[in-house]
There are 2 protein chains.
Amino acid sequence: MTAKKLAAATAAPVEMPDEADQALRFEKARAAQASALLEDYVELIDDLLASGGEARPTDIARRLGVSHATAIKSIARLKREGLATSKLYRGVFLTPEGHSLAARVRARHRLVVDLLIAVGVPRQCAELDAEGIEHHVSDAALAAFARFLKRHSTAS
Amino acid sequence: MTAKKLAAATAAPVEMPDEADQALRFEKARAAQASALLEDYVELIDDLLASGGEARPTDIARRLGVSHATAIKSIARLKREGLATSKLYRGVFLTPEGHSLAARVRARHRLVVDLLIAVGVPRQCAELDAEGIEHHVSDAALAAFARFLKRHSTAS
DNA sequence: ATGATTTTGTAGCCTGTGCTACATTTTAGG
DNA sequence: CCTAAAATGTAGCACAGGCTACAAAATCAT
Ligand SMILES: [Mn+2]
Ligand SMILES: [Mn+2]
Ligand SMILES: [Mn+2]
Ligand SMILES: [Mn+2]
């Protein structure tokens, strides 16, 4: 290992980031990925409740493109984590925590779409990509997005 | 359901996207998520090979922040999918397919970081967020990012 | 050279998130 | 009201990607 480090120090053409930093980056990305599913569910449920009235497992499943069995299991997880409630054959509802998460998630989703469009991404494409991107945008980045949009919408 | 749709049509305060479109969005995001891990591995392995010489399972594990057992299993998947090779105690190497994937992934990673910085995200934060965001940026969005950066770097 | 340390590999476990198939319950239509 | 259709729930499977614990191999240092 000593030999290898020396060789790297003398002949390395590429600089690597610090090991610990890099590990933290990947760990953060994995964590975001783990909550992505929950975020999409609460956002969708909140949309359904706001738009029509009911958020039924079958509707949720259809909109997410998964089987109803899968949706029901994920809804069970939402309940386990205190984000949703449901009564047999009565549809799904959000707890206050679920509702406030949904609000944050929706605001972030919109901001991401708007930023993508502002830098020139076609609307359709922006909406496609945002669905995945949103889960990895930190609050600091979000704030920067908001500043950018304000700057560039007033300067029409 | 007829009654529900009528109610929604008359009193709906929120517009929902088309069901099929929405399902496609979520399916695409899930697909991106599934390849994210492979992308991070090939990018990291390529970096290690370019910078020092070797890409050993333990190094890979440390940099990714996972146990070496986990890394070895993921490397097995890389091999199964034709992206990498390895001989016992000889480290990991990329196939031509793996190498070209790594090149695409690295270019995309850099472009995403640069764009985030260009819109005002602090560098540190940009590098953190990019690790997750990169896997969800389509080619079309990437092209838009490149155009945006060219426009805004020449106009200094 | 040999003993300690590091690296690698294996085995077995868990959780999350997909699926299909089947059972049950509710809802809707005639 | 009764039957057919739709919705819901359950069971059981598969696979990915985490982990720890243990075993074997290679490397390093004395
Ligand atoms: Mn999403
Ligand atoms: Mn969303
Ligand atoms: Mn990444
Ligand atoms: Mn990357």
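We name chains A, B, ... by the order of the sequence lines, and we start the count at 1 in each one. Note that these values count all heavy atoms, side chains included, but never hydrogens, waters or copies made by symmetry.
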For A/Ser138, give me all partners under side chain to side chain contact (heavy atoms under 4.5 Å, CB included), at least two apart in sequence or on another chain. A/Ala140, A/Ala141, B/Cys125, B/Asp129

Length of the line joining B/Tyr41:OH and D/dA16:P, which is rounded to integer Å: 14 Å

Only counting residues at least two apart or in another chain, list the ones meeting salt bridge (Lys or Arg N to Asp or Glu O under 4.0 Å) with A/Glu39. A/Arg108

Can you measure A/Leu64 atom CG to C/dC19 atom P for me and round it to whole angstrom units? 10 Å

Under a 4.0 Å threshold between the charged nitrogen and the carboxylate oxygen, would A/Arg106 count as salt-bridged to A/Glu43? no

Judged by each residue's nearest nucleotide on DNA chain D, which is more toward the 5′ side, A/Pro57 or A/Arg30? A/Pro57

Using OP1 and OP2 only, check whether a side-chain N or O of B/Arg80 sits under 4.0 Å from D/dA16. yes

Here's a test of your reading of the structure: between A/Arg77 and B/Leu88, which maps to the more 5' nucleotide of DNA chain C? B/Leu88

Interatomic distance where CG belongs to A/Leu38 and C1' belongs to C/dG16 [whole Å]: 10 Å

Distances under 3.5 Å only, N/O to N/O: pair up the protein atoms with those of nucleotides 20-26 of chain D.
unit_1 : atom_1 : unit_2  : atom_2 : d
D/dA25 : O4'    : B/Tyr89 : OH     : 3.3

When rounded to the nearest 0.5 Å, the distance separating OH of A/Tyr41 from CG of A/Leu83 is 13.0 Å

Salt bridge present between B/Arg62 and A/Glu19 (N-O < 4.0 angstrom): yes

Within the pair A/Thr58 and D/dT8, is there a side-chain N or O less than 4.0 Å away from OP1 or OP2? yes

Here the distance between atom P of D/dG17 and atom CD of A/Gln33, to the nearest Å, is 8 Å

Consider the side chain of A/Arg56, meaning its heavy atoms from C-beta on, and name the nucleotide among D/dG18, D/dA7, C/dT8 that approaches it most closely. D/dA7

Co-members of A/Ile72 in a cluster of I, L, V, M, F, W and Y side chains, linked at under 4.5 Å: none

Should the pair B/Asp47-B/Arg63 be classified as a salt bridge under the 4.0 Å nitrogen-to-oxygen rule? no

Using whole Å, report how far CD1 of A/Ile72 lies from P of C/dG18. 14 Å

Give each protein N/O atom lying under 3.5 Å from an N/O atom of nucleotides 12-14 of chain C, with the pair distance.
unit_1 : atom_1 : unit_2  : atom_2 : d
C/dG12 : O6     : B/Lys73 : NZ     : 3.2

Members besides A/Leu111 in its Ile/Leu/Val/Met/Phe/Trp/Tyr cluster (side-chain heavy atoms under 4.5 Å): A/Val112, A/Leu115, A/Leu116, A/Val119, A/Val121, A/Ile133, A/Val137, A/Leu142, A/Phe145, A/Phe148, A/Leu149, B/Leu111, B/Val112, B/Leu115, B/Leu116, B/Val119, B/Val121, B/Ile133, B/Val137, B/Leu142, B/Phe145, B/Phe148, B/Leu149

I need the CG-P distance between B/Leu37 and D/dC15, as an integer number of Å. 17 Å

To the nearest 0.5 Å, tell me how far B/Ser86 OG sits from B/Lys79 NZ. 3.0 Å

Nearest whole angstrom, please: distance from the C1' of D/dT8 to the CD1 of A/Ile60. 12 Å

Spacing between B/Ile75 atom CD1 and D/dG17 atom P, to the nearest angstrom: 13 Å

